[in-house]
Amino acid sequence: ETGVTQTPRHLVMGMTNKKSLKCEQHLGHNAMYWYKQSAKKPLELMFVYNFKEQTENNSVPSRFSPECPNSSHLFLHLHTLQPEDSALYLCASSHRDGYEQYFGPGTRLTVT
Amino acid sequence: QKEVEQDPGPLSVPEGAIVSLNCTYSNSAFQYFMWYRQYSRKGPELLMYTYSSGNKEDGRFTAQVDKSSKYISLFIRDSQPSDSATYLCAMSWEETSGSRLTFGEGTQLTVNP
């Protein structure tokens, strides 16, 4: 595997379900990000981890819970989501001191 | 007011046309400007990066920044069907602070054979 991978690629869940999104980077980076991409809206930064430490949380509701066990893996735990949370969730990574972010293909989430 | 404004399109052009994609911004502190390309069902990938004002050319692609007007452009010469994608502008005021990228909403481009 190369680059940034995300699983699953598609997820349909009910509002009472609990699920997790997984991201893995094979680039030797030390910063990882979660973004939300909705139609007709700019990419929204959700969380940032540098060297496994969370450094930014952009007022994301607590029903989204990130976890970064090491510099290569990032999870987004989901529970009691709302239909408006349906979107493409993108993971990205970068060197902490670099400007270029490398994105995964995203997880298309539908909340029913 | 949005920090970054980008016309979402869609923009449809014939093969071989010159394409102009643009973003305006309101924060004069932005110094680093990027264009990402996003194919359908893929994540964005960095296409061009420019610091401060001026032009940068890479093959068929030219990025321009006019800080006095708070306006950036991406030109695609001799456009190809493979250029069909959504183009996102992004900007930051710190080179090393990737966490503070501010994105436009993206312009959807279709190049017709």
Side-chain angles (χ1 to χ4, degrees), chain A residues 2-10 21 23-25 27 29-51 53-58 60 66 68 74 87-109, chain B residues 1-11 21-27 30-52 56 58 63 65 72 85-108:
Chain A
T2 59
V4 180
T5 58
Q6 290 186 245
T7 55
R9 293 294 308 276
H10 300 273
L21 310 185
C23 174
E24 185 173 359
Q25 60 95 2
L27 300 168
H29 291 158
N30 40 44
M32 297 188 77
Y33 314 79
W34 279 116
Y35 285 91
K36 177 183 178 182
Q37 187 173 38
S38 305
K40 309 298 184 187
K41 293 178 72 174
L43 278 173
E44 299 173 53
L45 180 66
M46 301 175 71
F47 302 103
V48 181
Y49 279 83
N50 282 295
F51 293 101
E53 299 297 321
Q54 187 180 126
T55 54
E56 288 210 26
N57 175 342
N58 280 354
V60 181
C68 188
L74 185 64
L88 181 68
Y89 288 84
L90 290 161
C91 172
S93 69
S94 73
H95 290 295
R96 188 178 187 278
D97 295 331
Y99 58 83
E100 182 172 1
Q101 295 184 18
Y102 292 78
F103 287 82
T107 295
R108 174 68 62 186
L109 173 68
Chain B
Q1 183 188 8
K2 293 179 187 175
E3 271 197 295
V4 178
E5 298 271 3
Q6 184 175 9
D7 185 341
L11 181 62
L21 304 168
N22 312 293
C23 288
T24 59
Y25 61 94
S26 57
N27 189 342
F30 287 139
Q31 296 191 76
Y32 301 91
F33 304 93
M34 284 144 267
W35 286 95
Y36 279 81
R37 176 175 61 195
Q38 185 174 17
Y39 289 116
S40 179
R41 288 183 286 277
K42 295 283 183 72
E45 58 177 337
L46 183 66
L47 192 60
M48 299 283 286
Y49 164 81
T50 312
Y51 167 69
S52 194
K56 185 171 185 177
D58 184 2
V65 174
I72 69 171
T86 297
Y87 290 80
L88 309 167
C89 64
M91 43 200 81
S92 173
W93 59 85
E94 290 181 84
E95 183 178 21
T96 61
S97 184
S99 64
R100 296 186 179 88
L101 285 180
T102 302
F103 284 86
E105 69 178 88
T107 300
Q108 185 181 343

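Basis for what follows: all heavy atoms, side chains included, without hydrogens, waters or symmetry-related copies. Here is the naming used below: chain letters follow the sequence lines, and residue numbers restart at 1 for every chain.
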Which heavy atom in [X] sits nearest to a heavy atom in [Y], and how many Å separate them?
X         : Y        : value
Leu90(A)  : Pro44(B) : CD1-CD, 3.9 Å
Phe103(B) : Pro42(A) : O-CB, 3.3 Å
Glu105(B) : Lys40(A) : OE2-O, 3.3 Å

Next on the checklist: Is there a side-chain contact between Gln38(B) and Leu43(A) in this structure, where contact means two heavy atoms from C-beta onward sitting under 4.5 Å apart?
Outcome noted: no
Checklist entry - What is the distance from atom CZ of Phe103(A) to atom CG of Leu46(B), rounded to the nearest 0.5 Å? => result 9.5 Å
Next on the checklist: Nearest 0.5 Å, please: how far is CG in Leu101(B) from OH in Tyr35(A)?
Outcome noted: 5.0 Å
Next on the checklist: Please classify the contact between Gln6(A) and chain B as side chain, backbone, both or neither, with a heavy-atom cut-off of under 4.5 Å.
Outcome noted: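 Nothing of Gln6(A), per the 4.5 Å heavy-atom cut-off to chain B.
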Item to check | Under 4.5 Å from any heavy atom of chain B - which part of Arg9(A) | outcome: side chain
Checklist outcome for this item: Whatever's closer than 4.5 Å to a heavy atom in chain A on Tyr39(B) counts as neither
Next on the checklist: Taking atom CZ as the centre, does Phe30(B) end up with more than 12 heavy-atom neighbours from other residues, nucleotides or ligands that are less than 6.0 angstrom away?
Outcome noted: yes
